[in-house]
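What you see is a predicted model, and the numbers here were worked out from it, not measured in a lab. Labels below follow one simple rule: chain letters A, B, ... track the order of the sequence lines, proteins then strands, and each chain is numbered from 1.
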Amino acid sequence: MILLKLFNTLTRQKEEFLPLGEVVGIYTCGPSVYQYAHIGNFRTFIFEDVLVRYLRFKGYKVKRVMNITDIEDKALATARKEGKSLWEMTEYYSRIFFEDMETLNLLPAEVFPKATEHVPEIVDIIKKMMTRGFAYCGKDGSVYYDISKFPDWGKLSHLKLKLGKKKIKRDEWGEESSIISDFALWKSYEKEDGDVFWITELGKGRPGWHIECSAMSSKHLGTRFDIHIGGVDNIFPHHENVIAQNFGAFGENPSKYWLHCRHLMVDGRKMSKSASNYYTPRDLTGMGHKPMAIKYLLLSMNYRRRLNFTFEGLREAEEKIEKICNAIERLENASGRDDAGKLAVKAMERFEKVLDDNLNTGKALEVLEEFTDDCVKQNPDKESSEKIRETFKKMDSVLGLGLFSS
RNA sequence: GCCAAGGUGGCGGAACGGCUACGCAAUCGCCUGCAGAGCGAUUCCAUUCCGGUUCGAGUCCGGACCUUGGCUCCA
């Protein structure tokens, strides 16, 4: 079997994918459920989906965990502002998220752990860090990670920051951004938290932002698993801190491969919630665009490259999908004489080759398009048209474009 | 400022140091009762700039300029 190569942020190199054990463990940073997820977020989720599908296609068993971040400063602030309870709000946006996943034909993860349902595990892992001397209790009652104890800090993001002693409890911009700071693992209760608190051995309070990923990944995948994925904006500080935490608690980096999906741009700028220049899947479907066209567009570029979202691109994606579906439909009544079976074999080989190279979905779509063109030009006989259909099915099982569902 | 990524036709985007993809747009045909879809053909003075290496550079080296991203909200 040809090996898949993946770009590991940790080493900044493409590496051959060699799993640690029988089942490939994948942890993916899921949505923060205080807003609608936008198609930039979904670029990462779609990439993850194709990776999982492709690994299964290659015969691996995969266990994927996708966390649901249902507690953090922004979520609390949003709930307060909208006059809703945190639970009410996160429940709503989680439901929407799952609906959107289905709309985009994304496979569900094996586990969708919620931060609020893992407080005992969170407390436990913080206690481990304290026992091992990586965490301490601050004067304000919060528990902080002592960054000076972790020599490898910064290895993932390659940032050269100065060691400082500024503590960050709230997830806000520090005034001196070039100074590394101890960050909160457990945030002591404050009035604005309202009814959101847990009474634990660490006192009355709530989990910090980064800790859930350490707690939930170690619970559901063990302290060492294969792949951790997220958007590039998670590299720093989130994943850097996750690595620090795991080292503090278990003495090792939790993941062998760290994959990061680059941002989706709109009009040449990053699509983000804070810049409010984003579209959600339902914005676009509401305008009459097909979900699979959105997906097609988001897959049309290798995940490590920036992709600029335009409506022209969306329209093109729509046309390409239609073209492919039309070609498949025609095969149904094929009654020609050409033995086109070779086409299918060749296309499949190329398809795998480009995906093996760091999951280049953009090129995979090109292969799919060219294969479509080739098939249309021929007049396949019954037998080879069956082969061709099978090949389309296989490709679709990896890309999840629902080519056969209409 | 520091750390990255990148600059290719009207647009989007490929390209082991050699044969100048491909798609969109545009034009013309074929097919069609009309439309759509499909097929064929055609058009377009493209590699940010300046040096260097080479028989040969979009590709390698050096230097500018510009764009974007990260630098404690974020997929």
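- The side chain of A:Met265 has B:rU68 as its nearest neighbour among B:rC71, B:rU68, B:rA37.
- When the P atom of B:rG69 is taken as reference, atom OH of A:Tyr303 falls 21 Å away, rounded to whole Å.
- B:rG23 is paired with B:rC11 under the criterion used here, namely a Watson-Crick or G-U wobble arrangement in which both key atom distances are under 3.5 Å.
- Applying the Watson-Crick and G-U wobble criteria (two distances, each under 3.5 Å), B:rC39 pairs with B:rG29.
- Using a 4.0 Å heavy-atom distance criterion, A:Met271 is classed as a base contact.
- Protein atom CD1 of A:Ile321 is 16 Å distant from nucleotide atom C1' of B:rA37, rounded to whole Å.
- A cation-pi arrangement is not found for A:Lys74 relative to A:Tyr34, the charged atom failing to lie both closer than 6.0 Å to the ring centre and inside a 45° cone about the ring normal.
- For B:rC16, there is no paired nucleotide, since no Watson-Crick or G-U wobble pair has both relevant distances below 3.5 Å.
- A distance of about 23 Å separates the P atoms of B:rC31 and B:rA25, rounded to the whole Å.
- Across B:rA37, B:rG69, B:rC71, the shortest atom-to-atom separation from the side chain of A:Asn326 is found for B:rA37.
- Only the P atoms considered, B:rG62 is 23 Å distant from B:rU67, to the nearest whole Å.
- Across the C1' atoms, B:rA46 and B:rG10 are found 11 Å apart, a figure rounded to whole Å.
- The side chain of A:Arg306 has B:rG69 as its nearest neighbour among B:rG69, B:rA15, B:rC24.
- When the nucleotides B:rU72, B:rA21, B:rG6 are ranked by their closest atom to the side chain of A:Arg305, B:rG6 comes out on top.
- Remark: P of B:rG1 and CG of A:Leu159 are 17 Å apart, rounded to the nearest angstrom.
- Looking only at distances, a side-chain donor or acceptor of A:Thr9 sits under 3.5 Å from a matching main-chain atom of A:Trp258.
- Residue-level contact check: A:Glu48 touches neither bases nor backbone, having no heavy atom under 4.0 Å from any strand.
- When heavy atoms are screened at a 4.0 angstrom cut-off, A:Lys270 is found touching base atoms of the nucleic acid.
- Using a 4.0 Å heavy-atom distance criterion, A:His38 is classed as a base contact.
- Along RNA chain B, the nucleotide closest to A:Met301 and the one closest to A:Glu366 are compared, and the more 5′ of them pairs with A:Met301.
- Counting non-hydrogen atoms under 4.0 angstrom, A:Arg269 reaches the backbone sugars and phosphates but no base.
- Residue contacts for A:Ser32: at a heavy-atom cut-off of 4.0 Å it reaches the sugar-phosphate backbone alone, with no base atom in range.
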Please step through ring-ring contact (aromatic ring centres under 6.0 Å, His included) for the pair A:Phe247 and A:Phe134, ending with a clear verdict. CA-CA 9 Å; A:Phe247 186 83; A:Phe134 285 87; 5.8 Å; yes

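- Atoms CG (A:Leu368) and C1' (B:rC22) sit 14 Å apart, rounded to a whole Å.
- Taking the side chain of A:Lys74 as heavy atoms from C-beta on, and the options B:rU72, B:rA14, B:rC73, the nearest nucleotide is B:rC73.
- Base-pair partner of B:rA75: not found among the strands shown (Watson-Crick or G-U wobble, both distances under 3.5 Å).
- Side chain of A:Asn234, nearest nucleotide from B:rC73, B:rA75, B:rC11: B:rA75.
- A distance of about 30 Å separates the C1' atoms of B:rA4 and B:rC22, rounded to the whole Å.
- Counting any heavy atom pair closer than 4.0 Å across all strands shown, A:Gly268 reaches sugar-phosphate atoms only and no base atom.
- A:Phe183 places its CZ atom 16 Å from the C1' atom of B:rC73, with the value rounded to the nearest Å.
- On the C1' atoms, B:rA35 is 39 Å away from B:rU20, given to the nearest whole Å.
- Note on A:Lys273: a side-chain N or O is less than 4.0 Å away from OP1 or OP2 of B:rA75.
- Between the base of B:rA5 and the side chain of A:Arg262 there is no donor-acceptor pair shorter than 3.5 Å.
- Look at A:Glu16 and A:Lys5 and you find no salt bridge, because none of the NZ, NE, NH1 or NH2 atoms lies under 4.0 Å from a carboxylate O.
- Going from the C1' atom of B:rG7 to that of B:rA15 covers 16 Å, rounded to whole Å.
- Side chain of A:Arg315, nearest nucleotide from B:rA25, B:rC39, B:rU68: B:rA25.
- Taking atom C1' on both nucleotides, B:rC60 is separated from B:rG18 by 14 Å, rounded to a whole Å.
- Nucleotide B:rG51 has B:rC61 as its partner under the Watson-Crick or G-U criteria, with both atom distances under 3.5 Å.
- Here B:rC73 presents its P atom at 16 Å from CG of A:Leu76, a figure rounded to the nearest Å.
- Across all strands, A:Gly313 comes closer than 4.0 Å to no nucleic acid atom at all (heavy-atom distances).
- Partner assigned to B:rU67 is B:rA5, using Watson-Crick or G-U wobble distances below 3.5 angstrom.
- Figure legend: A:Arg304 and A:Phe7 shown as a cation-pi pair, the cationic atom lying under 6.0 angstrom from the six-membered ring centre and within 45 degrees of its axis.
- Comparing atom distances between the A:Asn41 side chain and each of B:rA75, B:rC11, B:rC73 picks out B:rA75 as nearest.
- Both tests pass for A:Lys393 against the ring of A:Phe404: distance under 6.0 Å to the centre and angle within 45° of the axis.
- Classification of the A:Tyr27-A:Phe225 ring pair by plane angle, with boundaries at 30° and 60°, yields tilted.
- Residues A:Leu307 and A:Glu369 each lie close to RNA chain B; by heavy-atom proximity, the contact nearer the 5' end of the strand is made by A:Leu307.
- Atom C1' of nucleotide B:rA14 and atom CG of A:Asn302 are separated by 13 Å, given to the nearest angstrom.
- Nucleotides B:rG13 and B:rC24, compared at atom P, are 15 Å apart to the nearest Å.
- In this structure, A:Glu319 atom CD and B:rC11 atom P are separated by 20 Å, rounded to whole Å.
- Contacts of A:Leu264 with the nucleic acid, taken as non-hydrogen atoms under 4.0 Å apart, include base atoms.
- Between A:Val398 and A:Arg53, the closest heavy-atom pair is O-CD, 3.1 Å.
- By the 6.0 Å contact criterion, CD on A:Glu252 is enclosed, its count of non-hydrogen atoms from other residues, nucleotides or ligands being greater than 12.
- When distances run from any side-chain atom of A:Thr44 to the nucleotides B:rA37, B:rA14, B:rA75, the shortest one goes to B:rA75.
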